[in-house]
Amino acid sequence: SSYLLETRIRANFNRPTGLELSACLFGRRPRHPLLMIRRTPTPRGLVRPAVAALLLGRAVGVNITQVHLAYGPSPNTEMSVAWASDQAAPRALRYVSAAGLDPNQVASLKSSGLTGYVGGLLEAPLSSATRYTIDNNPWGYPIVWGPTWDDPPTWNGSFANYTSPWIHNTTLAGLEPDTEYLYQIIGASEVWSFTSGLEPGAGPAQGKALVFGVVGDIGQTADSELTRDRLAAFRAADGSTEGSGARFALLVGDLAYADCDQTRWDSSGDFLEPLAAKLPVMVNPGNHEIEYFPKTGRAFEAYEARYFMPAARGAEGLQGGAEFSEPESDGDGAPFCTPSQFSSDYRFGNAFYSFEAGLVHVCSLNCYGQTSKGSAQYAWLERDLASVNRSATPFLVVMTHCPWYSSNKNHRHEWQTVAMRASMEGLFWEHRVDAVVAGHVHAYERSHSVYLDQVTEGAPVYIVVGDGGNREGHAKGYEAPTPHWSAYTNDTSFGHGAFTVFNATHMRWEWHANSASASPSASPNGWAVSDEAWFVVPEAKGRAKAEGKAEGKAGGASGSGADSGAQRLLLFLLAAALAAGFIGALKAGLLGGSSQGAYAKKAAPALAPAVYDRPYSILSGGPESGQEDGQGQGGV
């Protein structure tokens, strides 16, 4: 045994000097109140002294941590880069296109750094630097943690003051679309790389696919780490090893689970860096980002300060306008730090925004802001949806933290969610939103296409992905009987999802449970697909969704709408006959066969138009295999 330092301390910039810290690591008991050292065998969540010294050497030497990429206002030519430092002085960032470099040259630059490279080195504008302070935090300060990362802290109940590190940001402009770049923040040893965005309307390169990951309520536990690493290592369904990994990720709220302990925002930034320094991570505000401080009346302060999304304009309404449910009060008329039922005036900035990547338009909404028809968010959403050119970006995905359709027993009928759905569901229907991803409920669920509680042709598919692995655990239990609009549920596994856009007519959703098989033969990713749905747009035939097979037991026929049962049966028989060749190709391996789902070796071919005689038809395929820890429904 030896004295060990928890890795979280890397995020605290009020620490002692590197020399003193090294002394702590190698045997001296620290006197600094913010260092928590104990003599213990190395449990999960800690690192051995030699390893810790190496990790801390980078932070102590140059104090550049929490690197985070995000798309700029023009995602195909701009990339925002943010990081944290204990120094306010603006820093430069150097970057170079990897186009034309062979793998050996790229590897050499990553190991030796970009300084001195003379082959077209570019330099971004000097970074801006801001910081924020929270005084007299009434929620106390955690001073003692359990033996592992997953154990809750012991609170001392006192007030605490906090000043963030300097949060730097710069934007790389003039990028070539769909191009790999190497970049290095001056003063840091690490050389990272990213791939710039696809031009709006541009499909993936020949033989490749556009993949973007989706996860909610991730936190920073060992389960979160598995989710993060699997998302970072995700391979597209075509199975290739180049150019088909996730190009960006959506984090659907509840990011750090700081819960008003601001140092956990710092540890969360470090936790996400292995993912966020390599690809744009686009965030959304959840209730754990609220952090309402009654002495100032401010909310969402850390969330707005630490991320740089492609805002329509600067953030407004961080102070004032808070509404919350009385049961979520501390007894003095102030809400808890992270109330589940809450509304405020927070708008623009990171609250709501949109961006386009290739064939997809993504819209991020704030369910804890004003959502009524007279609100700024509603007016912005109406304009944004109306501006989407569905010929260029045929797929439309919305993310918001609060799930509109969830059969889980947790977070049911919360008033801000009910109000948001009542005012905005009509817009989603009018503009034919394809999919709505949400979190909040710590489980997974996918709906059929649903509008006003009815399975309806052309309506959005609602997906709950609050299963990222946070410290609060699973949200257990679903209502019985299962609502007819619910297609698949799982409340026992953490996991993540991803959309794969093959071309202008085919997009696939898949969800992976972390507990699923890790067999290399299970899929290109090395683990099984637990649930899957296809979104298909037949050429010149309007829009349609084809929900794919879920890994589960077949349920009875489900769904309702304008068609009679006989009409639906006729449609199914016609579809089955005309699509026989396509299904045969699937099973023959032209798209890749698997008991866990289909994996395309090339971009999926267009289905015969006759399969979709009418616009907005729904075709559901029944599951083929048993299910271990979820439930699925099939049928037309």
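Quantities reported herein were computed from a predicted structural model and do not represent experimental measurements.
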Ser493/Asp467 under side-chain hydrogen bond (donor to acceptor under 3.5 Å, both in side chains): CA gap, chis, key distance, verdict: CA-CA 7 Å; Ser493 297; Asp467 57 339; over 6 Å; no

side-chain contact (heavy atoms from CB on, under 4.5 Å) assessment of Asn287 paired with Gln416: CA-CA 11 Å; Asn287 63 300; Gln416 84 282 344; over 6 Å; no

Pair Glu304-Leu318, side-chain contact (heavy atoms from CB on, under 4.5 Å): steps then yes or no: CA-CA 9 Å; Glu304 181 62 34; Leu318 290 168; 4.1 Å; yes

Steps toward side-chain contact (heavy atoms from CB on, under 4.5 Å) verdict (Asn284, Tyr307): CA-CA 10 Å; Asn284 178 264; Tyr307 302 107; over 6 Å; no

From CA spacing to verdict: side-chain contact (heavy atoms from CB on, under 4.5 Å), Leu109, Leu101: CA-CA 10 Å; Leu109 288 173; Leu101 300 179; 3.9 Å; yes

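Looking at every heavy atom in both residues, Ala246 comes nearest to Gly213 through CB-N, 4.3 Å. Closest heavy-atom contact between Asp223 and Asn514: O-ND2, 3.9 Å. Scanning both residues, Val464 and Pro403, for their nearest heavy atoms gives CG2-CB, 3.7 Å. Of all the heavy atoms in Pro310 and Tyr71, the pair that sits closest is CD-O, 3.5 Å. The heavy-atom pair separating Ser127 from His168 by the smallest distance is OG-ND1, 2.8 Å. Looking at every heavy atom in both residues, Ile290 comes nearest to Pro339 through CD1-O, 3.5 Å.
Looking only at side-chain heavy atoms (C-beta outward), Tyr405 and Val461 stay at 4.5 Å or farther from each other. Side-chain contact between Val360 and Phe212 is present, with at least one heavy-atom pair separated by less than 4.5 Å. Contact of the Leu175 side chain with the Tyr95 side chain is registered, since non-hydrogen atoms from C-beta on lie closer than 4.5 Å. Using a 4.5 Å heavy-atom threshold, the side chains of Asn63 and Trp166 count as separate. Inter-residue side-chain proximity for Leu210 and Met507 is flagged as unmet; no heavy-atom pair is nearer than 4.5 Å. For the pair Asp254 and Glu289, the minimum side-chain heavy-atom distance is below 4.5 Å. Counting only heavy atoms from C-beta outward, the side chains of Met282 and Tyr353 approach each other to under 4.5 Å. At a threshold of 4.5 Å between non-hydrogen side-chain atoms, the residues Pro200 and Asn76 count as touching.
In this pair, His411 and His440 present their aromatic rings parallel. The plane angle is below 30°, not in the 30 to 60° band. Ring planes of Phe499 and Trp509: tilted class, angle from 30 to 60°. Using a 30° and 60° split on the angle between ring planes, Tyr257 and His442 fall in the perpendicular class, above 60°. Between Tyr303 and Phe300, the two ring planes are perpendicular [angle over 60°; tilted spans 30° to 60°]. Tyr183 and Phe194 have tilted rings, their planes meeting at an angle from 30° to 60° on a 0 to 90° scale.
His506 contributes no side-chain N or O that, together with a main-chain N or O of Val536, makes up a donor-acceptor pair within less than 3.5 Å. Looking at Gln184, its side chain does come within 3.5 Å of a backbone N or O of Ala188 through a donor-acceptor pair. With hydrogens and angles ignored, the 3.5 Å screen pairs no side-chain donor or acceptor of Glu356 with any backbone N or O of His361. Of the possible polar contacts, one joining the Ser196 side chain to the Asp178 backbone as a donor-acceptor pair under 3.5 Å is found. Remark: the backbone N or O of Leu272 is not paired with any side-chain donor or acceptor of Arg228 at under 3.5 angstrom. Here the side chain of Ser268 pairs no donor or acceptor atom with the backbone of Asp266 at under 3.5 angstrom. Judged by distance alone, with hydrogens and angles left aside, the side-chain atoms of Thr400 form a donor-acceptor pair with the main-chain N or O of Leu365 at under 3.5 Å. In this structure, Asn408 contributes its side chain and Val441 its backbone to no donor-acceptor pair below 3.5 Å. Remark: side-chain polar atoms of Arg91 are paired, donor with acceptor, to backbone N or O of Ile186 under 3.5 angstrom. A donor-acceptor contact shorter than 3.5 Å is absent between the side chain of Tyr462 and the backbone of Glu445.
To the nearest 0.5 Å, atoms CD (Glu510) and CZ (Arg446) are separated by 12.0 Å. Rounding to the nearest 0.5 angstrom, the gap separating the NZ atom in Lys278 from the CG atom in Leu69 is 11.5 Å. The distance from atom OG of Ser224 to atom NE2 of His496, rounded to the nearest 0.5 Å, is 13.5 Å. Here the straight-line distance linking atom CG of Leu255 with atom NE2 of His401 works out to 9.0 Å at 0.5 Å rounding. If you take OG1 on Thr65 and CD on Glu190, they are separated by 12.5 Å, rounding to the nearest 0.5 Å. Taken from CD1 in Ile463 to CE in Met399, the straight-line distance is 13.5 Å, to the nearest 0.5 Å.
Remark: aromatic rings of Tyr346 and Tyr368 are distant, center separation not under 6.0 Å. Separation of the Phe395 and Phe535 ring centroids does not fall under the 6.0 Å cut-off.
Of the candidates Leu172, Asn169, Thr170, Asn169 is the only one forming a side-chain contact (heavy atoms from CB on, under 4.5 Å) with Ser80.
For the pair Arg264 and Phe271, the cation-pi test (distance below 6.0 Å, angle within 45°) is failed.
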